[in-house]
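Protein chains get the first letters and strands the later ones, always in sequence-line order, with residue 1 at the start of each. Keep in mind it's a predicted model, so treat the numbers as computed, not measured.
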Amino acid sequence: MSSLQPVRGTHDLLPEDSRRHRRVEELAFEIAGRYGFGEISTPIFEFTEVFSRTLGETSDVVTKEMYSFTDRSGDGLTLRPEGTAGVARAFISGGLAQQLPLKLFYRGPMFRHERPQKGRLRQFHQIGVELLGVEGPQADIEVMALAAHILDALGLGGAATLELNSLGDGDSREAYRLALVAYLSGQRDRLSKDSLERLERNPLRVLDSKDEGDKAVVAEAPLLTDYLNDASRTFFQEVLDGLAALGVAHRVNPRLVRGLDYYCHTAFEFTTTLLGAQGTILAGGRYDGLIAQMGGPATPGIGWAAGIERLSMLLAESPAALRPLAVIPMNRATDALCLCQRLRRAGFTADLGYSGNLKKRLARANRVNARAAIILGDEEWDREAVAVRDLDSGIQEEVLLASLEERLAKFR
RNA sequence: GCGGGUGUAGCUCAGUUGGUUAGAGCGCCAGGUUGUGGUCCUGGAUGUCGCCGGUUCGAACCCGGUCACUCGCCCCA
């Protein structure tokens with residue numbers, strides 16, 4: 001084993017892995033396009049404030065998990081840990097408030113300095129969407145329908161469950177927070193050590209605890225749903241009705257929460273039981289307060305993100321590579337090179353082995369799953385022809401160079 | 001940051017209570033005559049047994065440390 005290690009939590013994507021990733025990205029992008037989403041690419045690093053300013057109270061915890069550094073100019077920069085903040089920054093700095101509503105799709109690497117786990121790396125990749133400038137529940141419905149559509153198209157519809165909840169508007173949320181803190185404070189002796197800390201720092205997170213004792217406490221806790229005011233309740237009901245009308249399967253989970261202040265109304269996750277503790281494969285929510293909090297014009301927004309690694313682990317099989325035509329010279333190396341290029345320019349996938357006799361080259365053709373072999377034998381060449389061997393059937397025939405592309409069409 | 005498990009060939013793994021030359025399957029390479037693959041047969045190469053130190057006459061095996069991977073906790077923007 002070599003001593004040359006990749007950085008902890010980073011992975012190389014070899015061609016087969018890349019095909020899986022691209023399958024996820026491209027399918028998602030294509031379907032998002034049908035919903036009117038256009039692609040945005042923001043830089044993979046930003047000034048650290050772009051991320052830290054959005055994080056509020058929990059920031060010192062989160063800061064420890066960011067890849068932050070000072071560059072040669074002395075600027076504090078951070079590799080993006082997620083996609084929304086960069087999009088929001090682009091929205092503000094690019095003056096995109098003129099173009100609302102905006103529907104944006106993004107994909108690319110994200111970075112978090114965490115302990116790696118299954119489907120959880122330090123450099124990982126996400127796809128995501130943001131829909132900015134729509135206050136009504138239609139946005140929530142559309143964004144979740146899109147997510148369900150993509151998972152379905154990837155063949156993961158059966159493996160994923162949509163759970164959602166409403167955090168309500170600011171008033172509802174605050175009312176609930178007070179009620180929850182009051183309740184939990186009376187249960188201190190039953191809470192785990194972790195949850196006692198959560199109670200101080202981020203009480204809603206107690207609802208997410210995996211501790212059995214905490215779960216028992218949480219089971220009797222007041223429900224967020226009961227603290228929604230009329231406007232929030234109506235909003236949530238419209239979201240649920242819309243999902244039902246579209247036939248998007250879902251389940252209300254009254255304990256599903258988001259930690260940060262700018263979240264409101266809809267919070268949702270698609271989860272699976274197939275990935276151990278890392279069961280969330282796509283998550284999102286409404287963040288009407290975010291852009292204002294970052295210093296932009298108050299703009300409602302909703303979006304989601306999904307980890308490509310987790311999605312691609314769930315794909316039943318990797319997409320196959322293209323099947324090339326294997327061009328095999330007996331002697332005429334230069335002619336083979338030219339012929340290979342001619343085929344590529346004509347739109348074929350063509351592979352030219354680099355060395356070896358006919359036997360070796362055919363073996364290589366097999367290895368790359370070639371559809372057919374084009375063999376340049378001297379005798380055929382003198383007749384301005386080549387031998388074309390169908391590698392699936394084994395049938396071989398002589399084809400005149402003049403009609404080569406036409407005769408190879410069936411192998412395309 | 002914390003805890004459990006695991007590091008032996010390119011890959012998946014075996015390796016008896018410590019005992020001398022470290023194994024299998026797959027893959028790879030070569031051959032089974034000249035210009036025909038997948039199947040089959042034969043042969044071959046490959047390891048600092050993760051790394052460092054300790055115990056021992058002797059360590060892949062025991063002990064300590066370290067690094068990495070992995071599963072989980074914390075966190076999940």
Side-chain angles (χ1 to χ4, degrees), chain A residues 1-11 14 46 50-66 78 80-88 110-121 124 126 128 192-195 197-198 201-202 205 208-211 214 257-263 267 269 275-280 283-285 287 290 293-294 303-305 307 310 326 328-332 353 356-381 386-396:
Chain A
M1 187 176 293
S2 165
S3 61
L4 205 49
Q5 301 275 356
V7 173
R8 170 172 233 184
T10 65
H11 273 12
L14 300 179
E46 300 273 355
V50 169
F51 305 111
S52 62
R53 201 190 293 182
T54 62
L55 296 171
E57 300 172 19
T58 57
S59 64
D60 44 75
V61 179
V62 169
T63 299
K64 288 176 186 158
E65 298 182 350
M66 296 202 299
T78 294
R80 61 182 185 191
E82 52 100 26
T84 305
V87 171
M110 307 290 166
F111 305 84
R112 297 181 187 180
H113 190 101
E114 300 179 298
R115 191 74 175 260
Q117 286 177 49
K118 190 184 195 67
R120 180 181 195 174
L121 301 171
F124 58 104
Q126 286 188 331
S192 67
K193 187 167 122 307
D194 287 332
S195 281
E197 282 178 34
R198 293 184 183 111
R201 204 178 63 235
N202 200 347
R205 276 281 156 204
D208 263 353
S209 176
K210 290 175 185 170
D211 181 88
D214 291 344
V257 292
R258 283 287 114 90
L260 301 180
D261 294 339
Y262 52 76
Y263 284 110
E269 295 182 355
L275 291 177
Q278 306 302 315
T280 302
Y287 49 84
L290 173 66
Q293 184 172 328
M294 289 178 73
W304 54 254
R310 292 188 193 174
I328 301 179
M330 297 307 309
N331 291 302
R332 309 184 155 274
N357 57 25
L358 179 57
K359 185 173 181 171
K360 278 192 199 169
R361 287 174 190 260
L362 278 168
R364 176 186 158 83
N366 261 353
R367 253 197 326 273
V368 299
N369 195 27
R371 182 65 187 83
I374 317 294
I375 302 166
L376 281 68
D378 293 336
E379 292 172 23
E380 291 92 333
W381 196 257
V386 290
V388 175
R389 183 177 184 83
D390 181 326
L391 291 173
D392 288 346
S393 67
I395 294 169
Q396 182 167 323

Spacing of [X] atom [atom1] and [Y] atom [atom2] [to the nearest 0.5 Å]:
X	Y	atom1	atom2	answer
A/Leu290	A/Leu260	CG	CG	9.5 Å
A/Leu376	A/Arg332	CG	CZ	8.5 Å
A/Gln278	A/Arg120	CD	CZ	5.0 Å
A/Gln293	A/Arg53	CD	CZ	9.5 Å
A/Met330	A/Leu358	CE	CG	5.0 Å
A/Leu121	A/Arg310	CG	CZ	9.0 Å

Report yes if at least one side-chain N or O of [X] is closer than 4.0 Å to OP1 or OP2 of [N]; otherwise report no.
X	N	answer
A/Arg115	B/C71	no
A/Lys360	B/A30	yes
A/Arg205	B/A77	yes
A/Arg364	B/G37	no
A/Arg198	B/C74	yes
A/Lys118	B/C71	yes

So what does [X] touch, heavy atoms closer than 4.0 Å: a base, only the sugar-phosphate, or nothing?
X	value
A/Glu114	base
A/Gly276	sugar-phosphate
A/Glu380	base
A/Glu197	nothing
A/Phe124	nothing
A/Tyr262	sugar-phosphate
A/Ile375	base
A/Asp208	nothing
A/Gly9	sugar-phosphate
A/Asp392	base
A/Ala365	nothing
A/Arg361	nothing

Separation between the [atom1] atoms of [N] and [M], rounded to whole Å:
N	M	atom1	result
B/C75	B/G1	C1'	10 Å
B/U48	B/A22	C1'	13 Å
B/A9	B/G31	P	28 Å
B/C13	B/G50	P	15 Å
B/C63	B/G10	P	27 Å
B/G7	B/G47	C1'	14 Å
B/U21	B/G25	P	23 Å
B/A68	B/C76	C1'	24 Å

Subject >> Range-with-range stems of RNA chain B (Watson-Crick or G-U pairs under 3.5 Å, three or more in a row) >> reply: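 RNA chain B forms these stems: B:1-7 with B:67-73, B:10-13 with B:23-26, B:28-32 with B:40-44, B:50-54 with B:62-66.
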Provide, to the nearest angstrom, the distance between the [atom1] atom belonging to [X] and the [atom2] atom belonging to [N].
X	N	atom1	atom2	answer
A/Ile328	B/G37	CD1	P	11 Å
A/Gln278	B/U70	CD	P	12 Å
A/Arg201	B/C76	CZ	C1'	11 Å
A/Asn331	B/U34	CG	C1'	12 Å
A/His113	B/C76	NE2	P	17 Å

Taking the minimum atom-to-atom distance to the side chain of [X], which one of [options] wins?
X	options	result
A/Arg120	B/U36, B/C74, B/G37	B/C74
A/Pro81	B/A77, B/U36, B/G72	B/A77
A/Leu362	B/U36, B/C28, B/A77	B/U36
A/Arg258	B/G37, B/A77, B/C74	B/A77
A/Lys359	B/A77, B/C69, B/G37	B/G37

Subject >> Polar side chain donor-acceptor pair, A/Ser192 to A/Asp211, under 3.5 angstrom >> reply: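 Side-chain D/A pair, A/Ser192 to A/Asp211: absent.
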Original post:
Start at the 5' end of RNA chain B and walk down; is the nucleotide closest to A/Asp194 or to A/Ala283 reached first?
Top reply: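 Upstream on the strand: A/Asp194.
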Original post:
Judged by atom type as modelled, is there a donor-acceptor pair below 3.5 Å linking the side chain of A/Arg361 to the main-chain atoms of A/Gly353?
Top reply: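 Checking the backbone N and O of A/Gly353 against the side chain of A/Arg361, a donor-acceptor pair under 3.5 Å is found.
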**OP:** Show the numbers, then the answer: is there a side chain to side chain contact (heavy atoms under 4.5 Å, CB included) between A/Phe124 and A/Arg112?
**Re:** CA-CA 8 Å; A/Phe124 58 104; A/Arg112 297 181 187 180; 3.6 Å; yes
Presence of donor-acceptor pair under 3.5 Å, side chain of [X] and base of [N]:
X	N	answer
A/Arg367	B/G37	no
A/Gln117	B/U70	no
A/Arg8	B/A68	no

**OP:** Evaluate the criterion salt bridge (charged side-chain N to carboxylate O under 4.0 Å, His left out) for residue pair A/Arg258 and A/Glu269; output intermediate values, then yes/no.
**Re:** CA-CA 11 Å; A/Arg258 283 287 114 90; A/Glu269 295 182 355; 2.8 Å; yes
Subject >> Step-by-step side chain to side chain contact (heavy atoms under 4.5 Å, CB included) determination, A/Asp390 to A/Arg371 >> reply: CA-CA 7 Å; A/Asp390 181 326; A/Arg371 182 65 187 83; 2.9 Å; yes
